[in-house]
There are 2 protein chains.
Amino acid sequence: MRRDVFQAIADPTRREIIGMLAHKSLNLNNVADQFTISRPAISKHIKILTECGLVTITQQGRERYCHADFGKLKQVADWTARYQKFWTSKLDALGAFLETDKKQDQQK
Amino acid sequence: MRRDVFQAIADPTRREIIGMLAHKSLNLNNVADQFTISRPAISKHIKILTECGLVTITQQGRERYCHADFGKLKQVADWTARYQKFWTSKLDALGAFLETDKKQDQQK
DNA sequence: AATTTGCGTAACCAATCGGTTACTTATATA
DNA sequence: TATATAAGTAACCGATTGGTTACGCAAATT
């Protein structure tokens, strides 16, 4: 199934899972142990994360190890980067000015 | 109302609205004209965007001009940046190696 | 061989989402 | 003053979300 990565990272639990897996790959129960919600709930979150490519699974006997795969996060980073000039560095003042200018222009 | 910016940008229509407003501030009907969905639907999207600070409104007579405010996008950029080393530059190979190494280590 | 463990999945649930139409109010315009 | 326009909002709808409990099955352990 195809999944939107933006929608996948919208859930705070899933973002937490990604953060955990970035530090260390874990099997599903190990992940679930870190949360108060049930194992099946975590299983569903992991499924969503694999469906959009943010997590990969390697079966090891009866255990399934979850690894974070950050490639798809580039999509998010690229999107935000398009607007980065509006909040960073010396361009801040210029950006603010242009915005104001634009507004005045059109609200005339 | 407090809103999560990650959840706000999860919807593709809202991301499109942000993209439009980045180019030019618009009143609500002008935004709605660019989409096939109804004006009230757009009104709801704009409301969500204002609730998380991604859009600000300036009333101008009976019109409400919507301006993109990208400050909150920094939150998203910062989050993705934490994992950026996993997909960019020459560190790719090293990152991949460390990941593999880590996996082997724990799956032993 | 019997039991424990890891995990998927089905069935269900309440809440939220993204959309609609219908109505209302306030501001501009003819 | 009558009419047109901009936009919020309520009521409603079906689909999706995020959670649960209960069950089943395969792999590991005793």
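Numbered from 1 within each chain, the chains take letters A, B, ... in sequence-line order. For the numbers below, each heavy atom of this structure counts, side chains included, while hydrogens, waters and symmetry mates do not. These figures come from a predicted structure and were not determined experimentally.
- Taking every side-chain heavy atom of A/L28 into account, C/dC7 is the closest of D/dT9, C/dC7, C/dG19.
- Under 4.0 angstrom from either OP1 or OP2 of C/dC17 there lies at least one side-chain N or O belonging to B/Q7.
- Taking atom CG on B/L26 and atom C1' on D/dA6, their separation rounds to 14 Å, with Å as the unit.
- Atom CD1 in A/I42 sits roughly 12 Å away from atom P in D/dG18 (whole-Å rounding).
- Ion pairing of A/K72 with A/D4 is absent here, as no side-chain N (NZ or NE/NH1/NH2) approaches a carboxylate O to less than 4.0 Å.
- Atom CG in A/D11 sits about 11 Å away from atom C1' in D/dG19, given to the nearest Å.
- Evaluation of atom-type donor-acceptor distances gives a pair under 3.5 Å for the side chain of B/R39 against the base of D/dG8.
- Between atom CD1 of residue A/I17 and atom CD1 of residue A/I42 there is a gap of 4.5 Å, rounded to the nearest 0.5 Å.
- In terms of phosphate contacts, A/N27 brings no side-chain nitrogen or oxygen within less than 4.0 Å of OP1 or OP2 of C/dG6.
- Here the C1' atom of nucleotide C/dT9 and the NE2 atom of A/H45 are 16 Å apart, to the nearest Å.
- The distance between atom NZ of A/K44 and atom P of C/dC7, rounded to the nearest whole Å, is 17 Å.
- Which of C/dT9, D/dT9, D/dG18 sits closest to the side chain of A/S43 comes down to C/dT9.
- If you find the closest nucleotide of DNA chain D to A/P40 and to A/R3, the one lying nearer the 5' end belongs to A/R3.
- Distances from the side chain of B/R64 to the nucleotides C/dT20, D/dG8, C/dG8 place D/dG8 closest.
- Between D/dA7, D/dG19, C/dG18, one nucleotide has an atom nearer to the side chain of B/R14 than all others, and that is C/dG18.
- Rounding to whole angstrom units, CD1 of residue B/I48 and C1' of C/dG18 are separated by 8 Å.
- Taking only distance into account, the side chain of A/R62 meets the base of D/dA27 through a donor-acceptor pair shorter than 3.5 Å.
- Between B/C66 and B/L26 there is no side-chain heavy-atom pair separated by less than 4.5 Å.
- A residue-by-residue look at B/A10 and A/I46 shows that A/I46 has its nearest nucleotide of DNA chain C further toward the 5' end.
- Side-chain contact between A/H67 and A/L21 is absent, with no heavy-atom pair separated by less than 4.5 Å.
- Residues A/T56 and A/T50 are not in side-chain contact: their nearest non-hydrogen atoms beyond the backbone lie 4.5 Å or more apart.
- In this structure, the nucleotide among C/dG18, D/dA7, D/dG19 sitting nearest to the side chain of A/I37 is D/dG19.
- If you take CG of B/N29 and C1' of C/dA28, they are 14 Å apart, rounded to a whole angstrom.
- One interatomic measurement links the two molecules: CD of A/Q59 to P of D/dC25, which rounds to 17 Å at whole-angstrom precision.
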